[in-house]
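To start, the structure under review is shown below, and the notes come after it.
Residue numbers run from 1 in the order of the sequence given. Just so you know, these numbers come straight off a predicted model, no measurement behind them.
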Amino acid sequence: MTTHQPLPPAGLLRRLGALFYDSLIIIAIEMMAAGIVIAVLHALMAMNVLNVAPYVDVSDLLGNHPIWSPVYTFYLAVVWVYFFVFFWTRAGQTLGMRAWKIQVRNLDGGRITITQALIRLATSGFGLANLAVPFDPQKRGFHDIWAKTQVVVLAKAQ
């Protein structure tokens with residue numbers, strides 16, 4: 001007969017390690033997402049469907065146009081948010097969290113909801129909310145408290 005032990009909460013260094021790994025992955029994904037938009041716009045220019053005048057080039061258009069610049073920024077933000085929401089709600093782990101053997105869960109141990117993932121992301125302060133972990137008796141970040149989630153260290157594979 002085995003007893004089921006609750007998993008220990010993740011500490012600050014593990015969380016920051018996972019965040020660093022994820023930031024590298026997100027940078028690569030954002031570069032691909034931006035590259036797709038730029039490639040499509042260049043293809044439209046080559047087919048004479050799009051003219052970027054009075055802008056110098058596509059990048060100048062995307063950076064300075066009063067309509068397309070905010071739309072492009074919103075698109076990149078959606079890609080960034082989707083990365084976290086997708087991984088947190090499916091497996092409870094991003095790729096960085098998997099490498100550091102940590103997982104985000106509901107307080108009852110189940111998967112988090114899309115709403116919880118969005119609350120976590122909105123209150124995370126780009127990772128700064130993790131600085132509350134050493135001061136909380138349950139090792140929760142500010143975003144974990146607001147979203148009613150916990151980040152635990154997974155047991156090693158036997």
Side-chain angles (χ1 to χ4, degrees), residues 6-42 55-157:
L7 296 172
L12 179 62
L13 291 180
R14 265 187 201 263
R15 289 170 179 247
L16 293 179
L19 183 62
F20 176 71
Y21 279 32
D22 287 334
S23 67
L24 296 176
I25 294 165
I26 289 170
I27 288 170
I29 290 171
E30 290 288 339
M31 288 171 61
M32 288 188 295
I36 289 169
V37 170
I38 291 170
V40 167
L41 292 178
H42 274 287
Y55 299 97
V56 177
D57 57 13
V58 170
S59 295
D60 189 31
L61 172 78
L62 292 174
N64 297 315
H65 192 275
I67 295 171
W68 291 114
S69 181
V71 168
Y72 179 63
T73 302
F74 178 74
Y75 160 72
L76 294 177
V78 167
V79 169
W80 178 73
V81 168
Y82 184 76
F83 172 84
F84 283 105
V85 171
F86 177 81
F87 282 105
W88 285 345
T89 58
R90 296 296 188 285
Q93 296 176 293
T94 59
L95 299 172
M97 293 171 80
R98 185 168 294 179
W100 283 87
K101 308 271 191 276
I102 60 176
Q103 186 178 50
V104 63
R105 296 178 171 185
N106 273 327
L107 296 178
D108 65 3
R111 290 185 191 163
I112 69 171
T113 65
I114 292 173
T115 303
Q116 285 176 303
L118 292 172
I119 290 170
R120 254 184 132 251
L121 205 52
T123 58
S124 70
F126 298 101
L128 292 176
N130 286 310
L131 297 178
V133 170
F135 305 106
D136 185 70
Q138 298 172 3
K139 290 189 176 181
R140 297 173 299 173
F142 180 73
H143 53 318
D144 293 318
I145 295 168
W146 274 87
K148 295 178 178 56
T149 60
Q150 59 185 347
V151 178
V152 295
V153 179
L154 297 174
K156 292 181 180 179

Are V104 and Q116 side-chain neighbours, meaning at least one heavy-atom pair lies under 4.5 Å?
-> no

Is there a donor-acceptor contact under 3.5 Å from the side chain of E30 to the main chain of V79?
-> no

Is there side-chain contact between Q150 and K139, with heavy atoms separated by less than 4.5 Å?
-> no

For L76 and A34, the nearest pair of non-hydrogen atoms, with its separation, is CD2-N, 4.1 Å

Main-chain N/O of T149 paired with N106 side-chain donor or acceptor, under 3.5 Å | no

Is a donor on one side and an acceptor on the other found under 3.5 Å between the side chain of Y75 and the backbone of A33?
-> yes

Minimum heavy-atom distance L12-V133, with the two atoms named | N-CG1, 3.8 Å

Measure across A132 and F142 and return the closest heavy-atom pair with its distance rounded to 0.1 Å.
-> CB-N, 3.9 Å

Evaluate the side-chain proximity of F84 to T94: yes if any heavy-atom separation is below 4.5 Å, no if none is.
-> yes

State the OG1-CG distance between T123 and L118, to the nearest 0.5 angstrom.
-> 10.5 Å

Taking the side chain as every heavy atom from C-beta outward, state whether L41 and I38 have any atom pair closer than 4.5 Å.
-> no

Could you tell me whether the side chain of R111 and the main chain of R90 form a donor-acceptor pair under 3.5 Å?
-> yes

Euclidean distance, I102 CD1 relative to L154 CG, rounded to 0.5 Å = 8.5 Å

With a 4.5 Å limit on heavy-atom distance, are the side chains of L107 and Q138 in contact?
-> no

Ring centroid separation W68 to Y72 under 6.0 Å | no

Crowding at CG, L24 (>12 non-hydrogen neighbours, <6.0 Å) = yes

Which atoms form the tightest heavy-atom contact between R15 and H143, and what is the distance?
-> NH1-CE1, 4.0 Å

Has the side chain of D144 got a donor or acceptor atom that lies under 3.5 Å from a matching backbone atom of G141?
-> yes

Start with the C-alpha distance between F126 and W80, add both sets of side-chain angles, then the distance that settles ring-ring contact (aromatic ring centres under 6.0 Å, His included), and finish with yes or no.
-> CA-CA 11 Å; F126 298 101; W80 178 73; 5.5 Å; yes

Within the side chain of Q103, is there an N or O that forms a donor-acceptor pair under 3.5 Å with the backbone of Q93?
-> no

For the residue pair S69 and G63, what are the closest heavy atoms and their distance?
-> OG-O, 3.3 Å

Would you sort out whether W88 and M97 count as a side chain to side chain contact (heavy atoms under 4.5 Å, CB included), showing the intermediate values?
-> CA-CA 10 Å; W88 285 345; M97 293 171 80; 3.4 Å; yes

Decide side chain to side chain contact (heavy atoms under 4.5 Å, CB included) for V37 and V40; before the verdict, give the C-alpha distance in whole Å, the side-chain angles of both, and the deciding distance to 0.1 Å.
-> CA-CA 5 Å; V37 170; V40 167; 5.9 Å; no

Heavy atoms of other groups near F83 CZ, more than 12 under 6.0 Å = yes

Any idea how H65 and Y55 line up, ring-wise: parallel (<30°), tilted (30 to 60°), or perpendicular (>60°)?
-> tilted

Determine, step by step, whether D22 and F87 satisfy the side chain to side chain contact (heavy atoms under 4.5 Å, CB included) criterion, reporting the C-alpha distance in whole Å, the side-chain angles of both residues, the deciding distance to 0.1 Å, and the verdict.
-> CA-CA 11 Å; D22 287 334; F87 282 105; over 6 Å; no

Heavy-atom pair with the smallest gap, counting every atom of V153 and P9 = CG2-O, 3.8 Å

Candidate pair R105 and L7, rule side chain to side chain contact (heavy atoms under 4.5 Å, CB included), full reasoning = CA-CA 11 Å; R105 296 178 171 185; L7 296 172; 3.4 Å; yes

